Structure formats: C-alpha cells, structure tokens
Amino acid sequence: MQYFTQHKWLQFIALLAVFFALVMAIDPTTGGNLWRLQENLFWLLPDAVNDSLKYLINDFWVVDIYDAELDLTEESTMMKEFTRTLSGVVLFCINLIRELLLGGVKTVVAFTSWDFVSENEWARIPALPWTAVAAGAFLIGHYLGGRNLSILAGTSIIYIAVFGQWTPAMQTLSFVLVAVPLSVFLGLVLGICAYKSKTFESILAPLLNVAQSMPHFSYLIPVVVFFGIGDHAGAISTVIFATPPMIRLTILGLKKVSPEVLEAGMMSGCSPRQLMFKVLIPTARHDILIGVNQVIMQCLAMAVIASFIGARGLGYDLLVSLNTLNIGEALELGVSIVLIAVVLDKLSLAWANKQADYFADLPFHLHHKYSLAFLGILIFTSVIAYVASVLFPDKSNYLYIIAESQGFTTKDFWDFIVDWIITNSYQSVQSFNFFMITSILMPMKEAYLAMPVAATLFLVAGIGFIIGGLRSAIIVTAFIVFIALTPWWDRALITAYMVTFAVIISVIIGCTVGVLCSRNKQATKVMLLICDTFQTFPSFVYLIPVIMLFGVSDLSVLIAVIVYATIPATRYTVEGLRNVPQSLQEAGSMSGVNRMQRLFHIELPLAFPHILLGINQTVIFSLFMVIIGAFIGTDDLGQLIMQSLSQANGMGQGIVLGLCVAFIGLAADHLIHTWAQQRKKALGIA
C-alpha cells in the first residue's frame, strides 16, 4: 500500500481503470443523472443574466434628460447615458486619428455643424501622405532599433501603400491607437492599486484569470448590447480583452523593484506619490513596456474579431474575403495585418529594451534630430503631394494616397496558385482528409461523447487529487461541475476532444523540434525568430491556408489550431533547455554520460517545469483557436457563442458559454501550474 501511495503513476492507472469501468457500467438510456445531468434551475442562469443586464440598461436609475436640439425632456437611465457618453468619446478619438491619417470632416463637424462644412470647402482635415508615414516609420525604426528595424518598418509601410491597402490599414491603425492607450492607462491604474492593496489584488486575480481564459467572441456580446455596433464598440471590446496582461505585468514589474531602491527613495524624503511615479514606475519601466507590447498584440489579435460588430479596417475586409472564399485577396490582407503586427511588436519591444541616456547634454537640434527630420519630411511630402494634385488634377496622385483600385495586386496570381494546388493535390488531400476524419477524429469524438458526467467528474477529481491533493480536486471539479450543470455538456465534450487532439500533436511536434534546435546555438536563434514571427500573426490568419487546402471540416480547424499552438510548446522547450545551468551539464559529461543520457537524465528533468508552462500555454492557445475555428464550421461551444452574437436574447447565453470555455482552460491551467510547482520544489529550483 505504501508503494502505491508513493508512486503517482500507479494511482493514475488505477484511476483510469475505475473511470473506464464507470463508462462501461453507465447506460445512456437508463443512466439518468449519472449519464447527463437533467434539466435543473441552473439552466435558467443565461436568462437570469440576460434579464439582469437588461434591467441594468433599461430600468435601473431612471433620470430625466433634456435634449437641447429637440427642446424636450425624455426619460433615460444612467447606464444608457454613461455608455452613450463613453461611446461618443471613443468614436470621436477614433475619427480624429483616422482623419489625421486619411482626411475627413467628422471631427470638424463635431465642433461646428454639417452646414458649416458644406459652406466652407476648406473646413476639412487633409490626409497625411503615405510617403510621410513611411518616412516616419523609417525614422522611428532607426531611433529605436537601428538600421534593420528601420528597413523593416519602412518597407512594411511601403508594401501596404503600394498594394492599395492604405485606407483599411489606417482604419485599423486608428482603432489600435485608441484601444492601446486606454488599455495601458487602465492596466497601469489597476496594477498600481493591486500593488498597493493585497485585498484588491486577491479580488482582482480570479477576475483576471477568467478574463484571460474567456474566448474572444464572448467579449463582443455584452458590448453590443451596452454600446451598439461600430468602431467604438470594437475598440471597447478590445480594451476589455487587452487590459489584463497590462495589469499583470504592471504588478509584476512593481513587485520586482528591490527593497534597496524603495528604501533609498524613502530616505530621500519622497512622498508616497513621488515614490510611485519617481522611483517605482521608472524602475519597473522594462516590465511595464513589455506589458504595452502585449497590449498592442492583443489589440491586433482582436482586429478581425472586432469586425464582427462593425469595426472597420483590414479585419473587416479579411472577414469578407474569407466569407466569399476569395483566398488571393485574403492572403494580401493577411500579409498586411501581419506586417502591422510585426512592426508594432518589434518597435514596442525595442522601446522596452532601449536604455535612456539621462546624462546626455546635447544641443536642441541634436537632441530632437529625429523629430525635426520627420517635421521636415512631413512638410516636404505634403507640399509635393499638393503641387502634384494642382498640376495634375485629373490624374491619380500616387504620392498622396493610393486607392485599392490603383494599387498593385497579386491576388489573381495567388488565386491561380490556389487553383493549381487544389487541382493537383485534390486526390491526395481528400484521401488524407477522409482517413483522418473517419479513422481518427470521428472515433475520438464518439469516445468523448460516450463519457458519462459521473465518470468524467470522477476522473477530473481523481487527477486533481493525485496532482495537488484535496484542494486541487475541489477546484477543478467545481469548474467542470459548472459546465455539467448547463445544457451544453455534449458541446463541451466536443470542444475538449478537439483541444486534446490539438494539444497532443502540438506538444509532440513542439517538444521534438525544441529539443533538436536546442542542440545548436544557430538553430536555437532561428527557431526563436520563427516563434516570434508566428506569434505575432493574428489568429484568423491561420485559417486562410487550411480553408484553401482542406475546405470546411474539423480537420481544417485542428490543423490551424496545431500550427498556432505549437509555438509556445516549441519556445518553452528551447528556453527551458537553454536555462539548464552549464555547470550541471559539464558535471554530467565529466561523470561519463553520453549526450543522450545527459539529455534524458539531466537536461529534460531540469527543464520539465519550464516545458510544463509551455504545455499550459499550448492548452490555452488551442482552446482560443478552437473557438475561433467555429467561424469555418464546428459543432463545439464556439459555434453556440457565435450564434449568440446574432440572437436578440443571446447576451446571457454568450456569457455563460464563455465561462464554460474559460473554466475548461482554468482547470487545465490549475493542474499544470500545480504540477510545475511540485517539480520545481522536488528539483530545488522553486
């Protein structure tokens, strides 16, 4: 018995044996609540959530509002007035930035009227020439990261302009330039409050866990109800999605400030406010700027998804192209989104890593040389563009803005390539598709759907107990019980089957590639560069090639999920093996072990906790991508979430469905984190 309690693998085998016995014993026709929990009061939760939010919008805190234009007083609620005001402010900011980039009159109208604009042709904001923006990208890149980053930033802007994607790209950029500052500000404020109050941090932590595990689509449903549809609604949903990583990294950065720095600040006579803004935040600058980087990437990840509720830009155009299966155009749009993501990612990381020279005593023209250079270029390009429009009024002004119809395009070429690939690989692809679906995916799906509630809860509780004891068993079982009490248990099982398959394949590929690349320094650098590049791709981009080759099926979604989710498994494996102390590797070699023995008996065991964190990220990535895959046809929880977007009373259902997805991720996250911490303690590296 002692041997059994000391070896967890024996406990796990016994758990599986009991689980399979329960699966065989519980009959679907007579199992009752042991098979599936019957309809209960919990099924009314979506309606209760929906009714509560509707009451908050339509009936809570009714006030009289005077409309000066109509000269009448009408009843409204404070929530409506708040959301209306917030929407107006956000939309004004988006229009202002958009018109500075593309030109327009809406901002002028906000301060005057449409009659004033109609009567005065000059009352409009002129567009910023694309040549000026490209020059600015070159300058910013050179200032932050030198020649290579300058070339990357500048040529990316030139590509977007030349390919006629300037207008949607600037629409997307204006959307990001509003969402990012709002997310950063909220993240900083909440992060500082959590740092200063342990109670607030303990309240905030579970909310952040749920927020970061909720699928993207779940944010859209309440935002549509409270704020309507349009660019402002997309920006607000993006802010909600992008703020949590900023909060976490702000807290992390402030906590990493050494006590010596704090003591020095206090001994210098700093007040609490000065200590925060003059000492703590500047010292935590690097982590906070990494948070800004994460916010930017999260905002771009939402660019396509926000288009479901009316946000304009590249995301909306990509969505239309995918809907019409216009693969060539979708590829061009996807490349533009990726370029913006890569450029903003590299620029923000370079900003985070750039060391400020506080002791430089330079004259004004040298200290501000980049700003002065951009100002000169802006004036020069604007004058040239204006002169060209005057001299050639009937000609297209390629120095100003290149319209989509005037830009260079390769979509016909890509459509030809796609047709050629489909024509020449149709039989082999369809054979592979048929084999995978009929021989592997469908049997696995049926096996998951044959899992009774009682047996599944027993298995989850048992795994939790084996890994983390009674506390872990209660936590993970509570997460799964919530799902079991809803009417969507079968949909959750389908989601779990897809995530399980994707995680298994992703971990096998990622860990294998990571181990092989870690053997060589050059290969490590190349692989980390590839991971960095692929991680900047918005998730919808991965759907383009799989739709092209495999059509609409579970296999298409799973291939996209595997490609997306392999990135963290590979990265964490490489970094985990790189972080194994060189002294231990040398000690192993001096003990006479060969390279394979050193890998399996020294390096992998020491890197295992780090690899587990990569597996944890793989699970979360897979879960997000499976839900997004509902766009091209699945029958999991993601499909129901998407349907909730178009239902009049879908708000409550969408939120509860989002919680179901989040709880699957949180259960896996808790188990993996607990296991990783145990391994760290066992290895003495906790």
Side-chain angles (χ1 to χ4, degrees), residues 82-83 85-102 106-107 110 125 128 133 136-137 140 143-144 153 169-195 208 211-212 219 223 227 230-254 276-277 281-282 284-303 305-306 311-315 337 340-341 343-352 354 356 371 374 536 538:
F82 169 74
T83 56
T85 303
L86 182 59
S87 297
V89 171
V90 172
L91 189 58
F92 172 80
C93 294
I94 292 173
N95 284 333
L96 173 61
I97 296 173
R98 188 167 290 172
E99 290 177 351
L100 288 173
L101 295 170
L102 295 172
K106 289 183 180 178
T107 305
I125 299 175
L128 198 64
V133 178
I140 293 173
Y143 170 70
L144 293 175
M170 293 305 101
Q171 289 173 338
T172 298
L173 190 59
S174 63
F175 171 87
V176 170
L177 289 177
V178 170
V180 168
L182 283 174
S183 301
V184 170
F185 174 75
L186 285 174
L188 268 174
V189 171
L190 293 174
I192 290 170
C193 292
Y195 170 76
L208 291 177
Q212 289 191 279
Y219 292 97
V223 168
F227 297 95
D231 289 308
H232 61 282
I236 291 168
S237 63
T238 301
V239 169
I240 297 170
F241 177 70
T243 300
M246 186 67 202
I247 298 172
R248 288 193 183 279
L249 282 158
T250 299
I251 297 171
L252 177 66
L254 294 174
M276 176 59 67
F277 291 99
I281 290 179
R285 173 181 177 275
H286 182 266
D287 288 292
I288 291 172
L289 289 179
I290 293 296
V292 175
N293 168 259
Q294 291 301 301
V295 166
I296 292 170
M297 302 319 295
Q298 298 284 58
C299 288
L300 284 168
M302 281 290 286
I305 295 167
R312 291 183 294 167
L314 291 168
I337 294 173
I340 292 175
V343 168
L344 292 180
D345 175 57
K346 298 300 182 186
L347 290 176
S348 56
L349 284 176
W351 184 26
K354 188 176 180 62
S371 301
F374 177 70
T536 59

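What's counted below: heavy atoms across the whole structure, side chains too, no hydrogens, waters or symmetry copies. This is a predicted model, so every value here is computed, not measured.
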Quiz item: So which pairs with a foot in residues 287-296 pass salt bridge (Lys or Arg N to Asp or Glu O under 4.0 Å), sequence neighbours left out?
Solution: Lys256-Asp287
Exercise. Without swapping roles, check the side chain of Thr243 against the backbone of Ile240 for a donor-acceptor pair under 3.5 Å.
Key: no
Exercise. Just jot down the salt bridge (charged side-chain N to carboxylate O under 4.0 Å, His left out) partners of Asp345, sequence neighbours excluded, or say none.
Key: none
Exercise. Hey, could you give me the CG/CD1 distance between Leu208 and Ile251, rounded to the nearest 0.5 Å?
Key: 6.5 Å
Quiz item: Among all residues two or more places apart in sequence or in another chain, which pass the side-chain hydrogen bond (donor to acceptor under 3.5 Å, both in side chains) test with Ser348?
Solution: Asn293
Self-check item: For Tyr143, all residues meeting ring-ring contact (aromatic ring centres under 6.0 Å, His included), sequence neighbours excluded
Solution: Tyr370
Self-check item: Heavy-atom pair with the smallest gap, counting every atom of Met276 and Pro282
Solution: O-CD, 4.2 Å
Quiz item: Who passes side-chain hydrogen bond (donor to acceptor under 3.5 Å, both in side chains) against Ser174, sequence neighbours left out?
Solution: Arg98
Quiz item: What closest approach, in Å, do Ser237 and Gly234 show between heavy atoms, and which atom pair accounts for it?
Solution: OG-O, 2.8 Å
Exercise. Would you name the heavy atoms of Phe175 and Ala235 that are closest together and state the gap between them?
Key: CE1-N, 3.2 Å
Self-check item: Verdict with reasoning, Val178 to Leu96, per side chain to side chain contact (heavy atoms under 4.5 Å, CB included)
Solution: CA-CA 10 Å; Val178 170; Leu96 173 61; over 6 Å; no
Quiz prompt | Val180 versus Cys299, closest heavy-atom pair with distance | solution = CG2-SG, 3.8 Å
Self-check item: Derivation of the side chain to side chain contact (heavy atoms under 4.5 Å, CB included) call for Leu347 and Ile296
Solution: CA-CA 11 Å; Leu347 290 176; Ile296 292 170; over 6 Å; no
Quiz item: Can you name the residues that form a side chain to side chain contact (heavy atoms under 4.5 Å, CB included) with Leu86, not counting sequence neighbours?
Solution: Phe82, Val90, Phe227, Ile236
Quiz item: Who passes side chain to side chain contact (heavy atoms under 4.5 Å, CB included) against Ala301, sequence neighbours left out?
Solution: none
Practice problem: Not counting sequence neighbours, which residues clear side chain to side chain contact (heavy atoms under 4.5 Å, CB included) with Leu91? List them please. | Solution: Asn95, Asp231, His232
Practice problem: Please round to the nearest 0.5 Å and tell me the distance separating atom CG of Leu186 and atom CD1 of Ile247. | Solution: 7.5 Å
Quiz prompt | Phe92: ring-ring contact (aromatic ring centres under 6.0 Å, His included) partners, not counting sequence neighbours | solution = Phe111
Quiz item: Does Gln212 have any side-chain hydrogen bond (donor to acceptor under 3.5 Å, both in side chains) partners at least two apart in sequence or in another chain, and if so, which?
Solution: Arg248
Quiz item: Can you check side chain to side chain contact (heavy atoms under 4.5 Å, CB included) on Thr172 and Ile337, steps first, answer last?
Solution: CA-CA 9 Å; Thr172 298; Ile337 294 173; over 6 Å; no
Quiz prompt | Where Gln298 and Phe241 come nearest, the two heavy atoms and their spacing | solution = OE1-CE2, 3.5 Å
Self-check item: Side-chain heavy-atom pair Leu128, Leu100 within 4.5 angstrom cut-off
Solution: no
Exercise. Taking the side chain as every heavy atom from C-beta outward, state whether Leu349 and Ile290 have any atom pair closer than 4.5 Å.
Key: yes
Quiz item: Counting N and O atoms only, with roles assigned by atom type, does the side chain of Thr238 sit under 3.5 Å from a partner on the main chain of Ala179, one being a donor and the other an acceptor?
Solution: no
Quiz item: Shortest non-hydrogen contact from Val295 to Ser183?
Solution: CG1-CB, 3.6 Å
Exercise. Please identify each residue that fulfils side-chain hydrogen bond (donor to acceptor under 3.5 Å, both in side chains) with Glu99, with sequence neighbours left out.
Key: Thr107
Exercise. Mind checking side chain to side chain contact (heavy atoms under 4.5 Å, CB included) for Ala284 and listing every partner two or more places apart, or none if nothing turns up?
Key: Leu254, Val257, Ile288
